[in-house]
K.L.:
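Dropping a structure here in structure tokens format, bear with me for questions.
All chains are named by letter (A, B, ...) in the order of the sequence lines, taking the proteins before the strands, and each is independently numbered beginning at 1.
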Amino acid sequence: MEFAPLHSWDVDPAEARAIQKSLAANVDVSPPLGPWETIAAADVSYNKYSDWLYAAVIVVRAGTFELVERVGVVGKATFPYIPGLLSFREAPVVLEAFRKLQARPDVVLCDGQGTAHPRRLGLACHLGLWLELPTIGCAKSLLCGKYDEPGPDRGDRSPLVHRGEVVGSVVRTRSRVSPVYVSPGHRCDLESAVAVTLATSLKYRLPVPARLAHEYVNAIRRAADEDRTLPL
DNA sequence: GCGACAG
DNA sequence: ATCTTGTCGC
């Protein structure tokens with residue numbers, strides 16, 4: 001894929017927050033997602049005591065989850081993990097992976113929050129703006145906001161509220177299993193984000209594309225670790 | 001000031 | 001995220 005840079009990634013935490021506040025004004029979560037034939041998922045893996053980062057993007061066909069394409073990249077971390085600033089650590093390497101991607105997916109699932117973020121610019125929003133693609137944030141844990149525990153059955157959901165705003169939905173993708181935190185990233189509304197999440201996660205807690213991206217990025221990390229460790 | 005805090 | 005075996009519950 002091809003896309004233009006929106007800003008520098010060589011920033012400090014204060015500058016990062018300023019960029020988030022500025023970009024948040026451009027996020028569009030009003031349109032329902034249109035028909036989607038292909039869906040992508042991105043994931044990042046780290047190495048404990050080194051600053052190597054691994055990213056992967058996989059694209060599958062809707063409904064069948066048939067693999068369309070997958071790419072992986074290795075890079076160095078240039079920003080630490082700071083709650084609320086995750087995209088400044090992960091987005092650069094994820095975007096590198098997207099640049100290598102030939103296909104242009106109809107929607108992208110991101111491992112983290114979308115608008116359910118203190119400044120309304122979670123990783124999914126940030127990637128959506130850079131890629132100019134519909135994105136959805138599907139996180140495994142809460143960053144901010146409050147909610148009432150959703151019902152126990154698959155499909156049960158509860159609004160996630162932050163400072164008086166509904167910023168996402170806490171969704172039960174499997175009965176009797178911990179819910180996931182869904183919020184739109186860009187060019188997609190909350191309802192569509194929840195619909196896509198439920199449509200892609202029938203058997204497991206996390207959406208199938210997210211699971212595929214996760215296992216692929218780990219395969220890449222293990223292979224890279226081996227190539228770097230054994231020769232020395 | 002105190003507690004919370006995606007991956 | 002990562003380090004890790006067995007174990008409880010549907």
Side-chain angles (χ1 to χ4, degrees), chain A residues 9 13 16-17 20 23-24 27 41-57 72-95 97 108-128 135-147 151-154 156 160-163 167-186 190 193 197 202-207 210-211 213-226 228-229:
Chain A
W9 291 108
R17 294 187 182 89
Q20 292 182 323
L23 292 182
V27 169
D43 195 22
V44 174
S45 181
Y46 307 151
N47 204 303
K48 196 169 187 177
Y49 288 117
S50 76
D51 47 0
W52 287 105
L53 284 189
Y54 310 85
V57 173
V73 302
V74 181
K76 287 277 192 169
T78 61
F79 199 90
Y81 168 68
I82 297 174
L85 298 180
L86 176 66
S87 60
F88 284 85
R89 177 179 177 75
E90 300 194 349
V93 63
V94 169
L95 290 173
V108 181
L109 272 174
C110 305
D111 188 13
Q113 316 291 346
T115 54
H117 177 280
R119 290 168 292 282
R120 306 291 180 270
L121 200 88
L123 175 65
C125 303
H126 210 155
L127 289 175
T135 53
I136 293 169
C138 184
K140 298 179 293 301
S141 62
L142 181 71
L143 172 61
C144 69
K146 303 178 66 173
Y147 63 95
D153 301 322
R154 164 181 160 77
D156 285 343
L160 175 56
V161 181
H162 179 65
R163 294 181 189 171
V167 296
S169 182
V170 183
V171 183
R172 195 81 70 182
T173 51
R174 278 199 68 185
S175 296
R176 302 290 198 136
V177 167
S178 304
V180 292
Y181 303 78
V182 180
S183 57
H186 187 45
L190 177 56
T197 298
L202 301 168
K203 197 170 187 288
Y204 305 95
R205 179 195 181 210
L206 298 179
R211 290 169 51 86
H214 195 265
E215 67 175 345
Y216 183 52
V217 78
N218 278 322
I220 288 175
R221 194 197 66 181
R222 280 155 26 194
D225 280 356
E226 210 169 293
R228 190 176 328 98
T229 304

K.L.:
Looking at B:dA6, I'd like to know if its phosphate oxygens (OP1 or OP2) sit under 4.0 Å from a side-chain N or O belonging to A:K140.
P.N.:
no
K.L.:
Give the rounded distance in Å between these two atoms: NE2 of A:H162 and P of B:dC5.
P.N.:
13 Å
K.L.:
Between C:dT2 atom P and A:R222 atom CZ, what is the distance in whole Å?
P.N.:
11 Å
K.L.:
Would you mind reading off the distance between A:Y204 atom OH and C:dC10 atom P, rounded to a whole angstrom?
P.N.:
20 Å
K.L.:
Any donor-acceptor pair under 3.5 Å linking the side chain of A:H186 with the backbone of A:A124?
P.N.:
no
K.L.:
Tell me whether the side-chain N/O atoms of A:R89 come closer than 4.0 Å to OP1 or OP2 in C:dA1.
P.N.:
no
K.L.:
Which is true for A:G137 with a 4.0 Å heavy-atom rule: it touches a base, it touches only sugar-phosphate, or it touches nothing?
P.N.:
nothing
K.L.:
Return the value, rounded to whole Å, for the distance between atom CG of A:D111 and atom P of B:dA6.
P.N.:
12 Å
K.L.:
If every non-hydrogen atom of A:Q20 is compared with every non-hydrogen atom of A:G84, which pair is closest and at what distance?
P.N.:
NE2-O, 2.9 Å
K.L.:
Rounded to whole Å, how long is the line connecting atom CD of A:E90 with atom P of C:dT2?
P.N.:
10 Å
K.L.:
Tell me: CZ of A:R163 to P of B:dA4, nearest whole Å?
P.N.:
17 Å
K.L.:
Of the listed nucleotides (B:dG7, B:dC5, C:dT2), which one gets closest to any side-chain atom of A:S141?
P.N.:
B:dG7
K.L.:
Side chain of A:K48 only, please: which of B:dC5, C:dC3, B:dG7 is the nearest?
P.N.:
C:dC3
K.L.:
Which nucleotide sits closest to the side chain of A:S45: B:dC5, B:dG7, C:dT2?
P.N.:
C:dT2
K.L.:
So what does A:Q113 hit on the nucleic acid, given a heavy-atom distance under 4.0 Å: a base, only sugar-phosphate, or nothing?
P.N.:
base
K.L.:
Give me the atom names and distance for the closest heavy-atom approach of A:S87 to A:P92.
P.N.:
O-CD, 3.5 Å
K.L.:
With a 4.0 Å cutoff (strictly under), does any side-chain N or O of A:N218 reach OP1 or OP2 of C:dT2?
P.N.:
yes
K.L.:
Do A:Y181 and A:Y147 meet the criterion of a side-chain donor-acceptor pair at a distance under 3.5 Å?
P.N.:
yes
K.L.:
Would you mind classifying the nucleic acid contact of A:I82 as base, sugar-phosphate or nothing, using non-hydrogen atoms under 4.0 angstrom?
P.N.:
nothing
K.L.:
Pick base, sugar-phosphate or nothing for A:L85, based on heavy-atom distances below 4.0 Å to the nucleic acid.
P.N.:
base
K.L.:
Relative to the 5' end of DNA chain C, which residue comes earlier, A:R176 or A:H214, by the nucleotide with the nearest heavy atom?
P.N.:
A:H214
K.L.:
Among the candidates B:dC5, B:dG7, C:dT2, find the nucleotide nearest to the side-chain atoms of A:L86.
P.N.:
B:dG7
K.L.:
Kindly assign one of parallel, tilted or perpendicular to the pair A:F88 and A:F79, based on the angle between their ring planes and the thresholds 30° and 60°.
P.N.:
tilted
K.L.:
Would A:Y81 pass as stacked on B:dG7, i.e. its ring centre under 5.5 Å from the base's six-membered ring centre and planes under 30° apart?
P.N.:
yes
